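Chain identifiers are assigned alphabetically (A, B, ...) following the order of the sequence lines, protein sequences preceding nucleic acid strands; residue numbering begins at 1 within each chain. Please read these numbers as outputs of a predicted model, since none were measured by experiment.
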Amino acid sequence: MSTSEEKAPLNFIEVKIEEDLKKHKNDNRIHTRFPPEPNGYLHIGHAKSICLNFGLAQKYNGLCNLRFDDTNPEKENIEYVNSIKADVKWLGFEWGDGEFYASDYFEKLFEYAIKLIEIGKAYVDDSTAEELSRMRGTTTETGTDSPYRNRPVEENLELFKKMKNGEFEEGSRILRAKIDMASPNIHLRDPAIYRIKKVKHHRTGDDWYIYPMYDWAHGLSDSIEGITHSICTLEFEVHRPLYDWILDQLEVFHPQQIEFARLNLTYTVLSKRKLLDLVNDKHVSSWDDPRMPTISGLKRRGYSPASIRNFAKKIGVAKRDGIIDVALLEHSVREDLNKEANRVMGVLNPLKITIINYPEGKTELLSAKNNPEKEERGEREMPFSREIYIEKDDFMENPPRKYFRLSPEKEVRLKFAYIIKCEEVIKDKAGEVVELKCTYDIHSKSGNDTSGKKVKGTIHWVSAEHAETAEVRLYDRLFSVEDPAGDKEKDFLEFINPDTKIVKNAYVEQGVKNFKVGDSFQFERIGYFCLDKDTSENQLVINRTVTLRDSWGKKKN
RNA sequence: AGACCCAUGGUGUAAUUGGCAACACGCCUGAUUUUGGUUCAGGAGAGUUCAGGUUCGACCCCUGAUGGGUCUGCCA
């Protein structure tokens, strides 16, 4: 038995590609494209598409273009173009010379339209939008022919050129493909392919008074670029007959459109319009608010490009639409950050401890491992002194069974330091524990413990005198229900989760000050965090990316 | 209502193209651990929406039903 390498199962698109390869279709060339409209920021759903399209090109030694579908100047702008380029690059993909814009093809697209008119397959229609809508029919009733449908070619040519020259009012006329008003597929009922829009375009300026519709621009752009596999989401399935019709009429290179199910994620929304609403209505601070499922939001939250790429790999590609558990996304970051992120200590909810048998004024440096998963990351020195902070949760006056942490008369290890014992609990008038008096065992020093003691729990701490204060933003899921957009009665905005806690008075070890904005690290025993761009000279701002898995916390509930 | 698409554990994706369902996440148990993390070992959980048919044999092919999605912009 030869142990040839396991081949990962192919998704249905790869199956299709390999069939094409077997038939030597397109001379075995594989060319995909990622075609965003620059009218918003990219989100995790786009990341799926980016990984798919660029990933296919990599796998089959092909190319993947980045093409901006910029045919609607009303909604598009250069800010979005730039953010999209930055996000794709950040995700780890390169398009080389393959940066294109549908607007680069406006002239060519116009000529193709002329050709379509010339072969009698397109006409200028003077009907109003309402008339067009009425004549289109419905899903059950066929449409009716427009009175302008049989205009002579010459007249169409002349009118279309006048449209181009700006001689008509916006909305007064459109160019339509002449297909079949009785088709059960509404997209084939003489669809509009050009409309008049006297709007300045972010790239072509005032050159054009007419702009092509998606169906006209997209397929032809694919064709012009020699795209072999034009991959898009399911809702374009009904457009495919039109995509094919256009290319067939013009007898040009004919890419194959393939549709797959777009990504849905629990506890969030992934539609550009809804994300825009969140930004515009100030429910979030910006497109890169760390709670946003945008690529820039995930980046700011502390997600690594690798974690997103791995997530995309895990979710697979298919035609069935479903909803993916965010837990899988969270697992993907933990998996990556566990290996990559250095450990530091941070106390989010401090409880002061005075170690009464530790000399006043003394400070010693203890060495701490930076990353147990990567010995080569070495060690750092942490100052230890008489007064320290521990996490409030790490002390209980009346502990339940199997509580491994600190409680009266009990001992725990301070990680990388000594074993301490709780001798006295100090409370305020309200009965709240405000401080602990402890003793430490001088023989229990980490690395050379001769005390012979073995304690069940190890907790994190930070020296009071040496700690830095930080603002820590404990982000939670953006919505409090699994499918906020799925409720028929309530608007998705009603499900926004208000529980993002901001902890102002966290104490963190000094080293955090040396991190750069965007650096990820683990607060031992708590979770993965990163330094936020709001950090200033005198204020550290830290975002929680995701908590650590917590089997104890789960058990308690 | 019509056309088109889809249907496999809680979730997502597989099943050498017809040979009695696998992987990942999540969940549970145990071991290891100076992170109740990681790692390791194990477990529960679907008989493939339903009803027929073809076949020695069906998740896979056929028919019908049911359920879900998409489509009636001069948006993409």
So, Phe236(A) versus Tyr243(A), ring centres under 6.0 angstrom or not?
no
Can the ring centres of Tyr112(A) and Trp216(A) be said to be less than 6.0 Å apart?
no
Rounded to the nearest 0.5 Å, how far apart are OG1 of Thr266(A) and CD1 of Ile323(A)?
6.0 Å
Does the distance from a Lys or Arg side-chain N to an Asp or Glu carboxylate O, for [X] and [Y], drop under 4.0 Å?
X	Y	answer
Arg240(A)	Asp244(A)	no
Glu509(A)	Arg343(A)	no
Asp125(A)	Arg151(A)	no
Arg33(A)	Glu225(A)	no
Glu167(A)	Lys161(A)	no
Lys421(A)	Asp441(A)	no

For [N], glycosidic torsion class - syn if within 90° of 0, otherwise anti:
N	value
G73(B)	syn
G67(B)	anti
U55(B)	anti

Nucleotide N/O of nucleotides 70-73 of chain B paired with protein N/O under 3.5 Å:
from: C71(B); atom 1: O2'; to: His187(A); atom 2: NE2; distance (Å): 3.2
from: G73(B); atom 1: OP2; to: Arg136(A); atom 2: NH2; distance (Å): 3.0

On a whole-Å scale, what distance lies between the [atom1] atoms belonging to [N] and [M]?
N	M	atom1	answer
G12(B)	G68(B)	P	16 Å
A15(B)	C59(B)	C1'	9 Å
A1(B)	U48(B)	C1'	32 Å
G45(B)	C23(B)	C1'	15 Å
U11(B)	G43(B)	P	23 Å
A46(B)	U34(B)	P	39 Å
G37(B)	A21(B)	C1'	34 Å
C20(B)	C60(B)	C1'	13 Å

Proximity to the side chain of [X] - top-ranked nucleotide from [options]:
X	options	answer
Ala129(A)	C74(B), U17(B), U35(B)	C74(B)
Thr140(A)	A76(B), G37(B), A1(B)	A1(B)
Pro372(A)	G37(B), C75(B), A14(B)	G37(B)
Asn338(A)	U34(B), U17(B), G37(B)	G37(B)
Ala192(A)	C74(B), A14(B), U34(B)	C74(B)
Ser446(A)	C75(B), A14(B), U34(B)	U34(B)
Glu373(A)	U17(B), U38(B), U34(B)	U38(B)

If only side-chain N and O atoms of [X] are considered, is one of them under 4.0 Å from the OP1 or OP2 phosphate oxygen of [N]?
X	N	value
Arg262(A)	C6(B)	no
Thr266(A)	U11(B)	no
Arg343(A)	G37(B)	no

Just call it for [X]: base, sugar-phosphate, or nothing, with non-hydrogen atoms closer than 4.0 Å on any strand.
X	value
Thr547(A)	nothing
Val317(A)	sugar-phosphate
Ile324(A)	sugar-phosphate
Gly322(A)	sugar-phosphate
Glu170(A)	nothing
Phe416(A)	base
Pro191(A)	nothing
Ile323(A)	sugar-phosphate
Arg189(A)	nothing
Thr71(A)	sugar-phosphate
Gly447(A)	base

So with a 6.0 Å cut-off around [atom1] of [X], is the heavy-atom count from everything else above 12?
X	atom1	result
Leu10(A)	CG	yes
Lys374(A)	NZ	yes
Arg477(A)	CZ	yes

With Lys197(A) as the cation and Tyr211(A) as the aromatic partner, state whether NZ or CZ is under 6.0 Å from the six-membered ring centre and within 45° of the axis.
no
Cation-aromatic face contact Lys274(A)/Phe492(A), 6.0 Å, 45 degrees
yes
CA sep, side-chain torsions, deciding dist, call: Arg405(A), Glu391(A), salt bridge (Lys or Arg N to Asp or Glu O under 4.0 Å):
CA-CA 10 Å; Arg405(A) 283 108 99 150; Glu391(A) 210 69 60; over 6 Å; no
When you compare the protein's N or O atoms with those of nucleotides 23-32 of chain B, which come within less than 3.5 Å of each other, and at what distance?
from: C27(B); atom 1: OP1; to: Lys554(A); atom 2: NZ; distance (Å): 2.3

Using only modelled atom types and a 3.5 angstrom limit, is any donor from either the side chain of Glu237(A) or the base of G69(B) paired with an acceptor on the other?
no
Ignoring hydrogens and angles, answer whether the base of U34(B) and the side-chain atoms of Arg413(A) contain a donor-acceptor pair closer than 3.5 Å.
yes
Ring-on-base stacking between Trp552(A) and G36(B), under 5.5 Å between centres and under 30° between planes: is it there?
yes
For RNA chain B, which consecutive runs of 3 or more Watson-Crick or G-U pairs (each distance under 3.5 Å) count as stems?
B:2-7 with B:66-71, B:10-13 with B:22-25, B:27-31 with B:39-43, B:49-53 with B:61-65
